[in-house]
Peer 1: 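There's a structure below that I have some questions on.
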Amino acid sequence: MSDTLVFGTPPLPAGRPAVGDPCLLLGPVQLAPGGPADPLEPAPAEDLRTHLDRLGPRPTGSPALMTALDEAHLTGQGGAHVPVTAKWRRALTGRGPLTVVANGAESEPVAAKDGTLLRQRPHLVLDGLMIAAEALGAERAVVWLHGDDHGARQALLAALRERPWVLGHPAVEILDGPVHYLAGEASAIARAVHGGPALPTVRRHPQPGAPRTLVHNVETLARVALLARGQAPTGTRVLTVLGEGRAVVEVDARTTFADVLVDLGWTEAPQAVLLGGYGGMWARWARVAHLAVDESALAAEGLTLGAGVIAPLGAWACGVHQTAGLLGYLASMSARQCGPCVFGLPSLAEGMTALAAGRSGDGVARLLADAAIVEGRGACHHPDGATRLVASAVSTFADDVAAHAAGRPCGAGDIAWPGVDS
Ligand code: SF4
C-alpha cells in the first residue's frame with residue numbers, strides 16, 4: 001500500500017465474512033455517510049418462519065442462563081464491553097419493578113451496526129430481549145430507538161405483528177428517544193423509560209424499592225439469544241467502516257484491520273484510524289494494521305473499538321484539524337448539566353482549533369492540562385470521550401502537533417464527518 005487512502009465507494013466484500021455459523025448479520029450493507037442505518041440498496045430481512053427454521057423455537061429465559069453467559073465471557077457490544085452477567089447480577093439486587101431495555105439508539109454519528117441488525121434480524125433481537133426479561137423477572141421489556149430511526153421501528157413492528165403467539169410476558173414496548181448524541185446513554189434511557197428527561201444522570205445506589213432498569217445494546221441481546229439456544233459463542237465482530245459512505249460488515253474476530261480495509265476495496269493505506277467513533281481514540285495505521293479486530297486483543301494493546309466503528313484518515317488530511325472539528329461536535333452535544341463538561345469541552349475544542357491554526361503557543365501542554373481537569377468529572381462518560389480523543393491525537397499526530405505548535409499549520413485537506421461542521 002502507498003500512503004494515500006482511496007475513498008471510493010468500495011465494493012462489498014465478496015469472500016468475507018468467512019465466519020460460518022452462527023453469524024449475526026444476513027450480509028454486509030452500504031449506507032450513506034450519516035443518519036439512520038438505511039441501506040443504499042434493498043437488503044434482506046429475516047421473517048419469523050426463516051428465523052425459526054434457522055434456530056428453532058425461542059427458549060424461555062431463566063437465571064441458569066448466567067452460567068452459559070459467564071462461560072462465553074459475553075460482554076456488552078454497545079462500547080463499554082462490561083460483562084453481561086455483572087449487569088444481570090447488579091439488576092437482581094433491589095426489589096423495585098425491573099425494566100429490561102434493548103438499546104438500539106446508536107449515538108456515535110458513524111455507527112450503524114445496531115440499526116443494520118434491527119433491520120435484518122429483528123426476531124433475534126426480540127428473542128434476546130424476551131429471554132433476558134424472563135430470566136430476570138422483569139415487568140417491562142422495551143426497545144429504545146432514536147426518534148428518526150423509522151426503518152428500525154418498521155422492522156420491529158413487522159416482526160411483532162408476526163409473532164403474537166410467541167410474545168410471552170411482558171409485552172414489548174417500542175419507545176422513541178430524542179435524536180441526540182446522549183439519547184443512547186444508559187442512565188439517560190433509565191430516566192426516560194420512567195417518564196423523565198432523556199438526559200444522563202449521576203449513578204447512585206438505588207433505594208431498595210426503586211424501579212430498576214437494565215440496558216443492553218441490541219447486538220448484545222442477539223448474542224444472548226444465540227447462547228440461550230446452546231450455540232457456541234459467536235466468533236465475529238460487526239463493524240461500521242467509514243469511507244465515502246459507510247459499510248457495515250461482519251468479520252471473523254481474527255480478521256486484521258488491513259484485511260477489513262482491503263476487503264472493502266481500499267488499495268492504499270491511511271495514516272491513522274479513529275477507533276470507536278467521535279468519543280473514541282486515534283491510532284497510527286502502522287500500529288493497528290496487523291492487529292485483529294478482536295476486542296480482547298485490542299485491550300492488550302491499550303486500544304478499543306468501542307461499538308465497532310473504524311474511521312480511516314487519509315494521508316492528505318490533517319489529524320489536528322480533524323480532531324478540532326470532532327471536539328467541537330462533542331462540545332455541542334453536552335447535556336449542559338455539569339460544569340466540567342459545559343466549560344471544559346468548549347475549552348478543549350477551542351484549544352485544539354487554535355493549535356490547528358498554528359496560533360496556540362504553549363497550547364499543547366495547556367490542552368493536556370485542561371483534559372486532565374475534565375477527565376472523570378462529568379456525571380456521565382461524555383467528557384471522557386473528548387479527553388481520550390485529545391490525548392490520542394497528541395500522541396498519534398505527534399509530528400503534526402509539533403509543527404502546528406511551532407506555528408506551521410499544514411493546511412491539509414478536510415473530511416466531511418457526519419454531523420460535524422467543517
Ligand atoms: S458530563 Fe456532560 S453530558 Fe454528561 S451529564 Fe454532565 S453535562 Fe451532561
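Residue numbers count from 1 along this sequence. FYI, side chains are in, hydrogens and waters are out, and symmetry mates aren't considered; it's all heavy atoms of this structure. Remember, it's 1-based here, ligands and their atoms both numbered in the order they're listed.
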Peer 1: Which pairs count as ring pair (Phe, Tyr, Trp, His ring centres under 6.0 Å) when at least one residue sits in residues 92-137, sequence neighbours excluded?
Peer 2: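 Qualifying pairs, neighbours excluded: H51-H123.
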Peer 1: Taking atom types as modelled, is there a side-chain donor on T236 or E250 under 3.5 Å from an acceptor on the other?
Peer 2: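 Short answer, yes.
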Peer 1: Name the atoms and distances for all side-chain donor-acceptor pairs under 3.5 Å in residues 172-181, with sequence neighbours left out.
Peer 2:
unit_1	atom_1	unit_2	atom_2	d
E173	OE1	R140	NH2	2.9
E173	OE2	R140	NE	2.9
D176	OD1	R153	NE	3.0
D176	OD1	R153	NH2	2.9
D176	OD2	R153	NE	3.3
D176	OD2	R153	NH2	3.2
H180	ND1	L182	N	3.0
Y181	OH	E108	OE2	2.5

Peer 1: Taking heavy atoms and a distance under 4.0 Å, where does R336 meet ligand 1: side chain, backbone, both or neither?
Peer 2: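 The backbone, only.
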Peer 1: Have D384 and H381 got a donor and an acceptor in their side chains that come within less than 3.5 Å?
Peer 2: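 The answer is yes; a qualifying pair exists.
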Peer 1: Return a table of donor-acceptor pairs under 3.5 angstrom between the side chains of residues 350-357 and protein atoms on other chains or two or more places apart.
Peer 2:
unit_1	atom_1	unit_2	atom_2	d
T353	OG1	A349	O	2.7

Peer 1: What are the protein N/O/S atoms, named by residue and atom, that sit under 2.8 Å from atom 4 (Fe) of ligand 1?
Peer 2: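 Within the sphere that stays under 2.8 Å of atom 4 (Fe) of ligand 1, the protein atoms of type N, O or S are C380 SG.
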Peer 1: Would you check if the side chain of R246 reaches a backbone N or O of L242 as a donor-acceptor pair within less than 3.5 Å?
Peer 2: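 Answer holds: no.
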